[in-house]
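Okay, structure first, notes after.
Remember, it's a predicted structure, so these values are computed and weren't measured experimentally.
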Amino acid sequence: MEYRHDVDVEELCPVCGDKVSGYHYGLLTCESCKGFFKRTVQNNKKYICAENQECRIDQTQRKRCPFCRFQKCLHVGMRLEAVRADRMRGGRNKFGPMYKRDRALKQQRKALIQAGGFRMESSPPLVSSAHQRDSTYTAGLHPLPILSTTPLPTAQNDCISYQIPSLFTLLPSNSPGATQYQCTSSTFSNWTVKSEHTNICTSSPDSAAGIYTDSDEVYSRPFSPHGPMMPQLVMEFMRCDTDELQLRNKISARLQQEQSGCEKHKNLNTFSLMCLMADQTLFSIVEWARRSIFFKQLKVTDQMKLLHSCWSELLLLDIISRQVLHYKEDSVLLITGQEVELSAIASHANPTLASLVQRGQELVERLTILKVDREEFACIKFLLLFNPDVKQLEDHPFIESVQEQAEGALLEYTLCTSSQSLGRFSHLLLFLSELRSLSTLAEDYLYCKHLSGEVPCNNLLIEMLHAKRSWA
DNA sequence: GTAGCCTTGAGG
DNA sequence: CCTCAAGGCTAC
């Protein structure tokens, strides 16, 4: 459509295409999608899709599948946290400045269009590219991307029996309903991809952290019925979390299998065992990401870039959070449930490793004093995963928006739970940057060990170690 | 349950 | 004051 002066720029609802009535919950939407989003979030509605969770949502069909409609609302960037837990009317929220910026950008663009006579379709997205990705709901089939990691090195310590995994094979093939992710050729628009719908509305509680079912009662305060509630997004993050006990059993079984499967394993040293454990934990991290809200909406290429960039941070966070949540002075709790005395580690470690452990332990102690909880760790995981600083992301606006949402959710959560929330919030952000620098050191250490042939050939770990260096 | 219109109230 | 994005109300 050619720009006409009497038609305002882009005034169609990104969810259903109806006429926009203003900014609602983070972006310009129509009145009906505003109401639908509000009802869904306020009443904690659960919908089920009767089809394949890929129903087309437009003005005439939007009533047919609330599940897909809500997924689309989330996908285009409507913000759960903009629905007020206390139901207070009127006033302004924190999105005010964002709306203002967006308006200014739209004005600017309108002026440009008027001046240059540009065609509408070629205009770049302003707030989020997500709605444009969705507006083209069928995917062109394009060649699969080639994994741009260096070839796996030959095993110097070839005692590990399982096949070579690649992050790429872990990501798309195993995700149910996500078979449509394909790399788009550069001649096609970046957002020509069939969107996979997240499943947060119907996700079963058993896939979540076990104890957390799905209601507000998790965080509502008995003494204050209208008081702080668990922010919606934090609830979603918790739903994505891995069940610790299940994971413990799975990894313990896997390690036992590895050890009994091969005679040579009998004398696997502690370091090799730790690497195996890290490798298995990485698998669980990839699985967690794969089933997580927002992440599964990304194209595989972006998923890989994000995971390649933050795997060591997530791994380290996994270890640290376990120590904080089950704090025991002077010992380290492994993912298998075993405890190792800190003094034993110190006596066997070389100076580099000892200093890494020391720094990690300091972080654990600080977080233990802060009493950082599962919910905060869940937010931090998303902050690490959705890192907008990663280079060459195809859907950078979406990833940036998730980062902002996760940060907002964490802030809101600390507001609910702490009397000095700002101090707490900035402590947590500080922790984030310290975790990042520590993970870089740990990664370098591991890479050196790998080069000297001391890391067993547990493939995902090594693939990750190589990936970042080949991306760089 | 949906969606159009109404009321509210902080911020400019 | 006015604006406008929240929540509320209600005919359908």
Side-chain angles (χ1 to χ4, degrees), chain A residues 8-51 53 55-110 126-128 130-131 197 200-202 214-216 219-220 224-236 401 404-405 408-409 411-413 415-416 421-422:
Chain A
D8 216 342
V9 184
E10 229 182 283
E11 300 305 347
L12 294 180
C13 173
V15 181
C16 70
D18 199 354
K19 193 169 155 282
V20 153
S21 70
Y23 285 90
H24 305 296
Y25 309 109
L27 70 160
L28 287 167
T29 73
C30 69
E31 196 61 26
S32 71
C33 288
K34 165 199 154 188
F36 169 77
F37 189 76
K38 182 185 70 176
R39 285 193 302 276
T40 302
V41 179
Q42 277 183 341
N43 304 326
N44 197 17
K45 296 243 182 243
K46 307 280 175 252
Y47 307 116
I48 293 172
C49 176
E51 303 287 327
Q53 306 183 357
C55 307
R56 191 183 183 90
I57 304 297
D58 59 28
Q59 199 178 339
T60 55
Q61 305 201 63
R62 65 191 176 200
K63 280 199 261 191
R64 288 173 60 155
C65 181
F67 177 89
C68 291
R69 190 182 188 182
F70 188 58
Q71 295 314 308
K72 198 166 175 190
C73 287
L74 292 174
H75 192 214
V76 301
M78 290 182 82
R79 305 290 188 100
L80 293 163
E81 69 269 30
V83 178
R84 296 172 185 167
D86 59 4
R87 300 200 164 198
M88 198 195 75
R89 301 169 77 179
R92 287 275 186 272
N93 64 16
K94 60 179 174 179
F95 295 117
M98 192 176 92
Y99 296 147
K100 204 173 159 185
R101 245 192 344 262
D102 191 50
R103 265 202 198 88
L105 275 164
K106 279 193 159 62
Q107 277 300 318
Q108 216 172 28
R109 197 166 127 212
K110 195 170 165 179
L126 289 181
V127 176
S128 155
H131 62 278
H197 293 259
I200 57 168
C201 286
T202 53
D214 62 354
S215 70
D216 289 352
Y219 212 71
S220 57
S224 150
H226 300 290
M229 309 280 267
M230 166 99 89
Q232 287 282 336
L233 197 53
V234 179
M235 272 169 55
E236 299 303 343
S401 118
E404 281 168 13
Q405 289 185 60
L411 176 59
E412 205 183 325
Y413 182 78
L415 277 167
C416 294
S421 87
L422 275 180

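Here the closest heavy-atom approach between residue A:Cys30 and residue A:His24 is recorded as O-CD2, 4.0 Å. Closest heavy-atom contact between A:Pro14 and A:Leu28: CD-O, 3.0 Å. The two residues A:Val234 and A:Ala409 have their closest heavy-atom pair at CG2-O, 3.7 Å. When all heavy atoms are compared, the tightest approach of A:Tyr23 to A:Tyr99 is CD2-CD2, 3.1 Å.
Atoms CZ (A:Arg103) and C1' (C:dA5) sit 9 Å apart, rounded to a whole Å. For the pair A:Tyr25 OH and C:dA6 C1', the interatomic distance rounds to 6 Å; values are reported in whole Å. When the C1' atom of B:dG1 is taken as reference, atom CZ of A:Phe70 falls 15 Å away, rounded to whole Å. Summarising the geometry, the separation between CD on A:Glu31 and C1' on B:dT2 is reported as 12 Å, rounded to the nearest angstrom. Going from atom CE of A:Met78 over to atom C1' of C:dA5 covers 12 Å, rounded to whole Å. The interatomic distance linking A:Lys19 (NZ) with B:dA3 (C1') rounds to 14 Å, in whole Å. The separation between A:Phe95 atom CZ and B:dA10 atom P is 19 Å, rounded to whole Å. Whole-Å rounding puts the A:His24 NE2 to B:dA3 C1' distance at 12 Å.
Of the residues near DNA chain C, A:Ser21 and A:Lys38, the one whose nearest nucleotide (by heavy atom distance) lies more toward the 5' end is A:Ser21. Nearer the 5' end of DNA chain B, as judged by each residue's closest nucleotide, is the contact made by A:Gln59, out of A:Gln59 and A:Gly91.
Across C:dA5, B:dA3, C:dG7, the shortest atom-to-atom separation from the side chain of A:Arg62 is found for B:dA3. Candidate nucleotides C:dA6, B:dA3, C:dC4 were compared by shortest atom distance to the side chain of A:Tyr99, and C:dA6 ranks first. Of the candidate nucleotides B:dG1, C:dG8, B:dA3, C:dG8 has the atom nearest to the side chain of A:Arg87. Of the candidate nucleotides B:dG1, C:dA5, B:dT2, B:dG1 has the atom nearest to the side chain of A:Lys45.
Annotation: A:Arg84, atom CZ; neighbour count of heavy atoms from other residues, nucleotides and ligands within 6.0 Å is above 12. A 6.0 Å sphere centred on NZ of A:Lys94 holds more than 12 heavy atoms belonging to other residues, nucleotides or ligands.
Side-chain nitrogen and oxygen atoms of A:Gln42 include none within less than 4.0 Å of the OP1 or OP2 phosphate oxygen of C:dA6. An OP1 or OP2 oxygen of C:dC9 is reached within less than 4.0 angstrom by no side-chain nitrogen or oxygen of A:Arg39. Phosphate proximity of C:dA6 to A:Asn93: present, with a side-chain N or O under 4.0 Å from OP1 or OP2.
Partner of A:Phe36 under the side-chain contact (heavy atoms from CB on, under 4.5 Å) criterion, out of A:Lys45, A:Glu31, A:Arg69: A:Arg69 alone.
Nucleic acid contact class of A:Arg69 (heavy atoms, under 4.0 Å, all strands): sugar-phosphate only.
Residues A:Arg79 and A:Glu404 are paired through a salt bridge, judged by an N-O separation under 4.0 Å between the basic side chain and the carboxylate.
A donor and an acceptor atom never sit less than 3.5 Å apart when one is taken from the side chain of A:Lys100 and the other from the base of B:dG11.
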Restricting to nitrogen or oxygen on both sides, can you table the protein-nucleotides 1-3 of chain C pairs closer than 3.5 Å?
unit_1, atom_1, unit_2, atom_2, d
C:dT3, O2, A:Arg92, NH2, 2.5

